[in-house]
**Q** 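Take this structure first; my questions come after.
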Amino acid sequence: AQSVTQLGSHVSVSEGALVLLRCNYSSSVPPYLFWYVQYPNQGLQLLLKYTSAATLVKGINGFEAEFKKSETSFHLTKPSAHMSDAAEYFCAVSEGPWGLTGGGNKLTFGTGTQLKVEL
Amino acid sequence: ETGVTQTPRHLVMGMTNKKSLKCEQHLGHNAMYWYKQSAKKPLELMFVYSLEERVENNSVPSRFSPECPNSSHLFLHLHTLQPEDSALYLCASSQGANTGELFFGEGSRLTVL
(Lines give C-alpha, C1' and ligand atoms only; values in the text may rest on other atoms or scores of the structure.)
Protein backbone atom coordinates (compact mmCIF):
# COMPACT_ATOMS: atom_id res chain seq x y z
CA ALA A 1 0.00 0.00 0.00
CA GLN A 2 1.16 3.53 -0.69
CA SER A 3 0.57 6.71 1.28
CA VAL A 4 1.65 10.33 1.41
CA THR A 5 2.07 12.66 4.37
CA GLN A 6 2.33 16.40 3.88
CA LEU A 7 3.56 18.17 7.00
CA GLY A 8 1.88 21.50 7.53
CA SER A 9 -1.52 22.19 6.06
CA HIS A 10 -0.66 25.89 5.85
CA VAL A 11 2.68 27.51 5.09
CA SER A 12 3.25 31.26 4.98
CA VAL A 13 6.34 32.91 3.50
CA SER A 14 7.37 36.41 2.56
CA GLU A 15 7.77 37.34 -1.09
CA GLY A 16 11.34 36.57 -2.11
CA ALA A 17 11.86 34.02 0.66
CA LEU A 18 12.58 30.33 0.27
CA VAL A 19 9.60 28.05 -0.18
CA LEU A 20 9.82 24.57 1.40
CA LEU A 21 6.84 22.23 1.32
CA ARG A 22 7.36 18.85 2.90
CA CYS A 23 6.26 15.46 1.63
CA ASN A 24 7.01 12.01 2.97
CA TYR A 25 5.80 8.85 1.29
CA SER A 26 5.35 5.20 1.97
CA SER A 27 5.52 2.66 -0.82
CA SER A 28 6.17 -1.06 -1.06
CA VAL A 29 7.94 -0.69 -4.41
CA PRO A 30 10.13 2.03 -5.91
CA PRO A 31 7.74 4.94 -6.20
CA TYR A 32 6.90 7.50 -8.78
CA LEU A 33 6.35 10.86 -7.05
CA PHE A 34 4.54 13.98 -8.13
CA TRP A 35 3.74 17.50 -7.05
CA TYR A 36 0.56 19.11 -8.28
CA VAL A 37 -0.61 22.69 -7.75
CA GLN A 38 -4.20 23.92 -7.49
CA TYR A 39 -4.94 27.60 -7.94
CA PRO A 40 -8.26 28.96 -6.64
CA ASN A 41 -11.27 27.70 -8.56
CA GLN A 42 -9.16 25.54 -10.81
CA GLY A 43 -8.24 21.90 -11.19
CA LEU A 44 -4.87 20.41 -10.34
CA GLN A 45 -1.86 21.00 -12.59
CA LEU A 46 1.33 18.95 -12.63
CA LEU A 47 4.36 20.85 -11.29
CA LEU A 48 6.95 18.11 -11.54
CA LYS A 49 7.46 14.36 -11.32
CA TYR A 50 10.10 11.84 -10.28
CA THR A 51 10.15 8.59 -12.23
CA SER A 52 13.43 6.92 -11.14
CA ALA A 53 15.78 9.06 -13.22
CA ALA A 54 17.63 12.03 -11.69
CA THR A 55 16.86 12.50 -8.01
CA LEU A 56 16.69 16.29 -8.34
CA VAL A 57 13.72 17.16 -10.46
CA LYS A 58 13.01 20.58 -11.91
CA GLY A 59 9.49 21.65 -12.70
CA ILE A 60 7.57 24.63 -13.91
CA ASN A 61 7.59 28.10 -12.35
CA GLY A 62 11.03 27.63 -10.76
CA PHE A 63 10.05 24.77 -8.45
CA GLU A 64 12.17 21.73 -7.85
CA ALA A 65 12.08 18.66 -5.64
CA GLU A 66 14.64 16.13 -4.48
CA PHE A 67 13.93 12.44 -4.04
CA LYS A 68 15.68 11.10 -0.93
CA LYS A 69 15.15 7.39 -0.60
CA SER A 70 16.84 7.15 2.81
CA GLU A 71 14.44 9.74 4.20
CA THR A 72 11.42 8.63 2.10
CA SER A 73 10.97 12.28 1.26
CA PHE A 74 10.19 14.38 -1.78
CA HIS A 75 10.15 17.97 -0.53
CA LEU A 76 9.26 20.82 -2.87
CA THR A 77 11.37 23.98 -2.92
CA LYS A 78 11.62 27.29 -4.68
CA PRO A 79 14.45 29.73 -3.93
CA SER A 80 12.35 32.88 -4.11
CA ALA A 81 8.60 33.02 -3.57
CA HIS A 82 6.37 35.14 -5.75
CA MET A 83 2.87 36.33 -5.01
CA SER A 84 1.60 34.23 -7.88
CA ASP A 85 2.80 31.07 -6.10
CA ALA A 86 -0.04 31.32 -3.60
CA ALA A 87 -2.02 28.13 -4.11
CA GLU A 88 -2.58 24.67 -2.69
CA TYR A 89 0.11 22.09 -3.34
CA PHE A 90 -0.44 18.34 -3.39
CA CYS A 91 2.14 15.60 -3.22
CA ALA A 92 1.20 12.25 -4.78
CA VAL A 93 2.72 8.79 -5.10
CA SER A 94 2.21 6.04 -7.65
CA GLU A 95 3.66 2.56 -7.46
CA GLY A 96 5.35 2.56 -10.85
CA PRO A 97 3.82 2.87 -14.28
CA TRP A 98 1.88 -0.34 -14.02
CA GLY A 99 -1.01 1.35 -12.33
CA LEU A 100 -4.19 -0.51 -12.88
CA THR A 101 -4.95 -3.51 -15.02
CA GLY A 102 -5.84 -2.32 -18.46
CA GLY A 103 -4.28 1.09 -18.05
CA GLY A 104 -4.71 4.19 -15.99
CA ASN A 105 -2.69 5.66 -13.14
CA LYS A 106 -3.53 5.12 -9.50
CA LEU A 107 -2.16 8.13 -7.69
CA THR A 108 -2.47 8.50 -3.93
CA PHE A 109 -2.59 12.15 -2.90
CA GLY A 110 -1.66 13.92 0.31
CA THR A 111 -4.03 16.28 2.10
CA GLY A 112 -2.42 19.34 0.55
CA THR A 113 -0.49 22.36 1.79
CA GLN A 114 -1.90 25.83 1.37
CA LEU A 115 0.91 28.27 0.53
CA LYS A 116 0.41 31.92 1.40
CA VAL A 117 2.85 34.53 0.13
CA GLU A 118 2.97 37.84 1.95
CA LEU A 119 4.48 41.16 0.94
CA GLU B 1 -10.39 25.31 -25.62
CA THR B 2 -9.13 23.75 -22.41
CA GLY B 3 -7.94 20.15 -22.32
CA VAL B 4 -10.52 18.84 -19.85
CA THR B 5 -13.87 20.57 -19.55
CA GLN B 6 -16.39 19.95 -16.79
CA THR B 7 -20.00 21.06 -16.63
CA PRO B 8 -21.72 22.36 -14.69
CA ARG B 9 -19.16 24.25 -12.60
CA HIS B 10 -21.63 24.61 -9.76
CA LEU B 11 -24.63 22.46 -8.85
CA VAL B 12 -27.07 22.65 -5.97
CA MET B 13 -29.45 19.76 -5.53
CA GLY B 14 -31.84 18.31 -3.03
CA MET B 15 -31.47 14.82 -1.67
CA THR B 16 -34.24 13.47 -3.88
CA ASN B 17 -33.00 14.99 -7.14
CA LYS B 18 -31.29 13.27 -10.02
CA LYS B 19 -28.54 15.16 -11.80
CA SER B 20 -25.44 14.44 -13.86
CA LEU B 21 -21.95 15.83 -14.08
CA LYS B 22 -20.26 15.88 -17.46
CA CYS B 23 -16.61 15.75 -18.41
CA GLU B 24 -15.08 16.04 -21.86
CA GLN B 25 -11.42 15.76 -22.76
CA HIS B 26 -9.89 17.09 -25.97
CA LEU B 27 -6.44 15.57 -25.49
CA GLY B 28 -6.85 12.21 -27.18
CA HIS B 29 -6.26 10.38 -23.92
CA ASN B 30 -7.43 6.83 -23.28
CA ALA B 31 -8.11 6.94 -19.53
CA MET B 32 -10.52 9.09 -17.55
CA TYR B 33 -11.08 9.50 -13.81
CA TRP B 34 -13.48 10.90 -11.25
CA TYR B 35 -12.02 12.25 -8.01
CA LYS B 36 -13.82 13.70 -4.99
CA GLN B 37 -12.15 16.61 -3.22
CA SER B 38 -13.42 17.45 0.26
CA ALA B 39 -11.97 20.01 2.63
CA LYS B 40 -9.00 18.77 4.68
CA LYS B 41 -9.09 15.30 3.13
CA PRO B 42 -6.92 13.75 0.45
CA LEU B 43 -8.32 13.52 -3.02
CA GLU B 44 -10.40 10.37 -3.23
CA LEU B 45 -10.28 8.32 -6.40
CA MET B 46 -13.82 7.26 -7.24
CA PHE B 47 -13.76 5.70 -10.69
CA VAL B 48 -11.29 5.00 -13.47
CA TYR B 49 -12.10 4.17 -17.05
CA SER B 50 -9.47 2.90 -19.45
CA LEU B 51 -10.37 2.43 -23.08
CA GLU B 52 -13.99 3.01 -22.05
CA GLU B 53 -14.02 0.12 -19.60
CA ARG B 54 -14.25 0.65 -15.88
CA VAL B 55 -11.06 -0.63 -14.25
CA GLU B 56 -11.44 0.78 -10.75
CA ASN B 57 -14.32 1.42 -8.43
CA ASN B 58 -13.16 2.45 -4.99
CA SER B 59 -16.14 1.26 -2.96
CA VAL B 60 -18.18 4.23 -4.01
CA PRO B 61 -21.85 4.23 -2.91
CA SER B 62 -24.29 3.20 -5.59
CA ARG B 63 -25.92 6.64 -5.50
CA PHE B 64 -22.97 7.62 -7.73
CA SER B 65 -23.15 6.00 -11.15
CA PRO B 66 -20.46 6.61 -13.79
CA GLU B 67 -20.84 6.33 -17.51
CA CYS B 68 -18.18 6.46 -20.20
CA PRO B 69 -19.80 6.30 -23.65
CA ASN B 70 -16.52 6.94 -25.49
CA SER B 71 -12.92 7.83 -24.73
CA SER B 72 -13.65 11.57 -24.76
CA HIS B 73 -16.66 11.73 -22.47
CA LEU B 74 -17.30 10.77 -18.88
CA PHE B 75 -20.44 11.29 -16.82
CA LEU B 76 -21.22 10.97 -13.14
CA HIS B 77 -24.92 10.37 -12.52
CA LEU B 78 -26.14 11.43 -9.10
CA HIS B 79 -29.30 10.34 -7.29
CA THR B 80 -30.56 10.44 -3.72
CA LEU B 81 -27.38 12.05 -2.48
CA GLN B 82 -26.60 12.96 1.11
CA PRO B 83 -25.34 16.30 2.46
CA GLU B 84 -21.93 14.71 3.13
CA ASP B 85 -21.60 14.21 -0.62
CA SER B 86 -21.15 17.95 -1.02
CA ALA B 87 -17.67 18.42 -2.45
CA LEU B 88 -15.68 19.39 -5.51
CA TYR B 89 -15.79 16.62 -8.10
CA LEU B 90 -12.77 16.58 -10.36
CA CYS B 91 -12.48 14.84 -13.67
CA ALA B 92 -9.07 13.94 -15.06
CA SER B 93 -7.60 12.15 -18.04
CA SER B 94 -4.30 10.52 -18.90
CA GLN B 95 -2.61 8.79 -21.77
CA GLY B 96 -1.70 5.27 -20.80
CA ALA B 97 -0.10 4.28 -17.53
CA ASN B 98 3.48 5.33 -18.07
CA THR B 99 3.66 8.98 -17.16
CA GLY B 100 1.63 9.39 -14.01
CA GLU B 101 0.53 12.75 -15.32
CA LEU B 102 -3.15 13.43 -14.93
CA PHE B 103 -4.79 16.37 -16.64
CA PHE B 104 -7.56 17.78 -14.49
CA GLY B 105 -10.65 19.78 -15.26
CA GLU B 106 -11.65 22.73 -13.10
CA GLY B 107 -14.17 20.70 -11.18
CA SER B 108 -17.87 20.72 -10.44
CA ARG B 109 -18.76 22.16 -7.04
CA LEU B 110 -21.69 20.14 -5.71
CA THR B 111 -23.86 21.21 -2.80
CA VAL B 112 -26.48 18.79 -1.51
CA LEU B 113 -29.19 20.39 0.62
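All values below were derived from every heavy atom in this structure, side-chain atoms included, with hydrogens, water molecules and symmetry-related copies excluded. The sequence lines fix the lettering, A, B, ..., with proteins before strands; numbering per chain opens at 1. Since this is a predicted model, take the numbers as computed values, not measurements.
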**Q** Look up atom CG in A:Asn41 and atom NE2 in B:His10, then write down how far apart they are to the nearest 0.5 Å.
**A** 6.5 Å
**Q** With a 4.5 angstrom heavy-atom cut-off, could you sort out which part of B:Arg109 is near chain A: side chain, backbone, both or neither?
**A**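 B:Arg109 has no heavy atom closer than 4.5 Å to chain A.
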**Q** State the CZ-CG distance between B:Phe103 and A:Leu46, to the nearest 0.5 angstrom.
**A**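 Reported to 0.5 Å precision, the distance equals 7.5 Å.
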**Q** Quick check: is A:Val11 connected to A:Val117 through a chain of hydrophobic side chains (ILVMFWY, heavy atoms under 4.5 Å apart)?
**A** yes
**Q** Measure the OG1-CD distance between A:Thr108 and B:Glu44 for me, rounded to the nearest 0.5 Å.
**A**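 Taking OG1 in A:Thr108 and CD in B:Glu44, the distance rounds to 12.0 Å.
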**Q** Can you tell me how far CD of A:Gln38 sits from CZ of B:Phe104, rounded to the nearest 0.5 angstrom?
**A** 8.5 Å
**Q** Chain B heavy atoms under 4.5 Å from A:Phe90: which part of the residue, side chain, backbone, both or neither?
**A** side chain
**Q** Looking at CG of B:Leu102 and CZ of A:Phe34, how far apart are the two atoms once the value is rounded to the nearest 0.5 Å?
**A** 8.0 Å
**Q** Assigning hydrophobic clusters by single linkage (Ile, Leu, Val, Met, Phe, Trp, Tyr; side-chain heavy-atom cutoff under 4.5 Å), is B:Leu11 placed with B:Leu74?
**A**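 They do share one cluster, since a chain of ILVMFWY contacts under 4.5 Å joins B:Leu11 to B:Leu74.
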**Q** Under a 4.5 Å side-chain heavy-atom rule over Ile, Leu, Val, Met, Phe, Trp and Tyr, are A:Val13 and A:Met83 clustered together?
**A** yes
**Q** Do B:Leu45 and A:Val93 sit in the same hydrophobic cluster, where Ile, Leu, Val, Met, Phe, Trp and Tyr count as joined when their side-chain heavy atoms come under 4.5 Å apart?
**A** no
**Q** Which bit of B:Gln37 comes within less than 4.5 Å of chain A, counting heavy atoms only: side chain, backbone, both or neither?
**A**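 Only the side chain of B:Gln37 comes within 4.5 Å of chain A.
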**Q** Which members of residues 85-93 of chain B, sorted by number, sit under 4.5 angstrom from chain A on a heavy-atom basis?
**A**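 Result: B:Leu88, B:Leu90.
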**Q** So, for A:Leu107 and B:Tyr35, which heavy atoms are closest and what is the spacing to 0.1 Å?
**A**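 So the two residues come closest at O-OH, 3.8 Å.
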**Q** Can you tell me how far the CG atom of B:Leu43 sits from the CG atom of A:Leu44, to the nearest 0.5 Å?
**A** 5.5 Å
**Q** Using the rule that two of Ile, Leu, Val, Met, Phe, Trp, Tyr join whenever any of their side-chain heavy atoms come within less than 4.5 Å, decide whether A:Tyr36 and A:Leu48 are in one cluster.
**A**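 No, A:Tyr36 and A:Leu48 fall in different hydrophobic clusters.
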